[in-house]
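What follows is a set of notes on a single structure, which appears directly below.
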Amino acid sequence: ATVAMTPNTAHCVPAFVSKLWTLVEAPSTNDLICWSQDGCSFLVQDEQRFSKEVLPLYFKHSNMTSFVRQLNMYGFHKVVHMDAGLPKADSQVNCVEFQHENFQRAQPHLLGLIRRKVKLISVIIMQYIIMLVQKQSTHTQLLTLRFSHAEMCV
Amino acid sequence: ATVAMTPNTAHCVPAFVSKLWTLVEAPSTNDLICWSQDGCSFLVQDEQRFSKEVLPLYFKHSNMTSFVRQLNMYGFHKVVHMDAGLPKADSQVNCVEFQHENFQRAQPHLLGLIRRKVKLISVIIMQYIIMLVQKQSTHTQLLTLRFSHAEMCV
Amino acid sequence: ATVAMTPNTAHCVPAFVSKLWTLVEAPSTNDLICWSQDGCSFLVQDEQRFSKEVLPLYFKHSNMTSFVRQLNMYGFHKVVHMDAGLPKADSQVNCVEFQHENFQRAQPHLLGLIRRKVKLISVIIMQYIIMLVQKQSTHTQLLTLRFSHAEMCV
DNA sequence: GCCGTTCTAGAATATTCGATT
DNA sequence: TAATCGAATATTCTAGAACGG
């Protein structure tokens, strides 16, 4: 099953999300990427084979890190397992799980709610402050300038 | 019994606490770590075997001191026994007991209340700044208000 | 060849850097990690095998991403190849290269100059604020006190 | 101009070591 | 002395930044 990728003004599904859905649904690659049992997350069974064999079929790269960067950019979160990082038994080797509240099996109508992240205003402000800081030669100058009593009292 | 460990949500159980609960509950290691009789604390019966055999199954180390550091970081306290410091009878050798008001047998719903100690004040300040930010409608307004106009124009 | 890891007052080599040097020098793993031809950088030939077979021998993990995070933390930079991102010929598959001006073949005396990155000035300022905060009893006091000229001039 | 890819950094927890009480 | 904590590095997950399409 695939999902429309064309921009439908209001509720279009981003290209990445659409590809991801197709990827998880595809029976041919279910041994490498598939839904979790309850359908609320998806699993990558063998990170190494997945990145080299499956990713280039959908994206312009074969790096797990780029795939994860996109997942985070769209608000997905890694599901942490109890045995994370421990020397693994063969049965449990290399299982990665990601989740997003609007990415669920049999719920394609939710996909349009998944949005790419943009910068927060707070981040923009902090960056502005840091830029100012870097232009100052001494700490005292900077600190005197920045936080004055009157400004901080709401 | 296991406890959900998903990060980044509001009321999730920290990974360490989740692992600890699993560890104490696990029947297979009840001879080394188990609940106390009243279920209000847990006991480590043989520190040496526990650290070498059980810890590496859940953590990236096999040191009792690292385990204790984490316990203290999450607000657990050692329960001091009356015979502490005395030459120990064989029956009492190597018994360590730790306690936390929200870590009790058959009360997993309390685990979410166990919090890692952090420098909370920094968070409070950041939230305060963010709150200030969110009260402003435009960037220019905000910047003018917070930090004097002259300073922000680089 | 190994490098002393003991803190020698002034110019001790950080544990990570020492391990990295040992790792690159070790003849037994030269097929997976070795010096570049000119000795000014090092190469990881097969990222997948390297991460699973070599990393756990030196670190508490087997993730390339954790290794790269440390490299960046110590000021190493990835050397970008011209064929990055292209469909790779078999001979060139999976070759990763990193470089640091003080990490060179036959120059172990430079290793002490490699330093872990520390927090940015903005963070230091925040911590200073926190220290001030902890001296105050109430929020109102704190906010007024915090950002006044006199307090911030160290 | 937004999205995708890559390299690097931020932020929180984890581990170690030594100081404090 | 024993229990707790501070601080530095280590590991993990997520985000910033630069660049190109």
Side-chain angles (χ1 to χ4, degrees), chain A residues 5 7 14-17 19 55 58-81 84-86 96 98 115-120 123-124 126-127 130, chain B residues 5-8 14-17 19 55 58-81 84-85 96 98 115-119 122-123 126, chain C residues 7 14-17 19 55 58-81 84-86 96 98 115-120 122-123 126-127:
Chain A
M5 268 169 54
F16 173 76
V17 176
K19 289 181 181 180
L55 283 181
Y58 293 81
F59 307 100
K60 294 177 187 298
H61 64 83
S62 58
N63 304 312
M64 190 65 182
T65 56
S66 296
F67 182 59
V68 171
R69 184 71 192 87
Q70 283 285 70
L71 288 171
N72 286 327
M73 193 71 103
Y74 281 92
F76 284 76
H77 291 278
K78 185 165 186 171
V79 179
V80 180
H81 297 161
L86 296 179
V96 181
F98 275 88
R115 290 286 154 78
R116 194 174 206 266
K117 287 183 183 176
V118 290
K119 279 188 187 180
L120 295 176
V123 173
I124 294 173
M126 287 307 295
Q127 291 179 340
I130 291 170
Chain B
M5 250 171 55
T6 50
N8 301 326
F16 174 76
V17 176
K19 290 181 180 182
L55 284 181
Y58 293 82
F59 307 100
K60 288 174 181 294
H61 64 82
S62 56
N63 305 312
M64 191 64 184
T65 56
S66 296
F67 181 60
V68 172
R69 184 72 192 86
Q70 283 285 71
L71 288 171
N72 286 326
M73 194 67 106
Y74 281 92
F76 285 75
H77 289 279
K78 187 166 187 172
V79 178
V80 180
H81 295 160
V96 182
F98 275 89
R115 290 286 154 77
R116 193 176 208 264
K117 293 179 184 174
V118 288
K119 299 181 176 177
S122 64
V123 175
M126 286 308 297
Chain C
F16 173 76
V17 176
K19 289 182 180 180
L55 283 181
Y58 293 82
F59 308 101
K60 289 175 183 293
H61 64 84
S62 58
N63 303 313
M64 191 64 182
T65 56
S66 296
F67 181 60
V68 171
R69 185 70 192 88
Q70 283 285 69
L71 288 171
N72 285 326
M73 193 67 105
Y74 281 91
F76 284 75
H77 289 278
K78 185 164 185 172
V79 178
V80 180
H81 296 159
L86 297 179
V96 180
F98 275 89
R115 291 285 152 78
R116 193 175 210 265
K117 288 181 184 175
V118 289
K119 295 180 182 176
L120 295 177
S122 60
V123 175
M126 287 306 296
Q127 289 182 338

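Chain identifiers are assigned alphabetically (A, B, ...) following the order of the sequence lines, protein sequences preceding nucleic acid strands; residue numbering begins at 1 within each chain.
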Problem set entry | Below 4.0 Å: OP1/OP2 of D:dG4 and any side-chain N or O of A:Lys60 | no
Seminar exercise, completed: Rounded to whole Å, the NE2-C1' distance (C:His81 to D:dT6) equals 14 Å
Problem set entry | Parallel, tilted or perpendicular: ring planes of A:Phe16 versus A:Tyr74, cut at 30 and 60 degrees | parallel
For this session: For E:dA10, take OP1 and OP2 only and decide whether either is under 4.0 Å from a side-chain N or O of C:His61.
Result: no
Seminar exercise, completed: Between CZ of C:Phe67 and P of E:dC13 the distance, given in whole Å, is 19 Å
Exercise. Rounded to whole angstroms, how far apart are CE on B:Met64 and P on E:dT4?
Worked result: 12 Å
Seminar exercise, completed: To the nearest angstrom, the CG-C1' distance between C:Leu71 and D:dA9 comes to 14 Å
For this session: Return the 5'-most residue of the pair A:Gly75, B:Phe76 with respect to DNA chain E, ranking by each residue's nearest nucleotide.
Result: B:Phe76
For this session: Specify the separation, in whole Å, of atom CG of C:Asn72 and atom P of D:dA11.
Result: 16 Å
Problem set entry | Distance below 4.0 Å between B:His77 side-chain N/O and E:dT4 OP1 or OP2 | yes
For this session: Name the nucleic acid region contacted by C:Tyr74, choosing base, sugar-phosphate or nothing; use a 4.0 angstrom heavy-atom cut-off, strictly under.
Result: sugar-phosphate
Exercise. If an axis is fit to five pairs at each end of the helix from D:dC2-E:dG21 to D:dT21-E:dA2, what is the angle between the two, to the nearest 10°?
Worked result: 30°
Exercise. Closer than 4.0 Å, any side-chain N/O of B:Asn63 to the OP1 or OP2 of D:dT15?
Worked result: no
Seminar exercise, completed: In whole angstroms, the gap separating C1' of D:dC7 from CZ of C:Phe98 amounts to 8 Å
For this session: Indicate whether OP1 or OP2 belonging to E:dT12 is found under 4.0 Å from a side-chain N or O atom of A:Lys78.
Result: no
Using the 3.5 Å cut-off, write out each protein N or O paired with an N or O of nucleotides 18-20 of chain D and the distance between them.
none

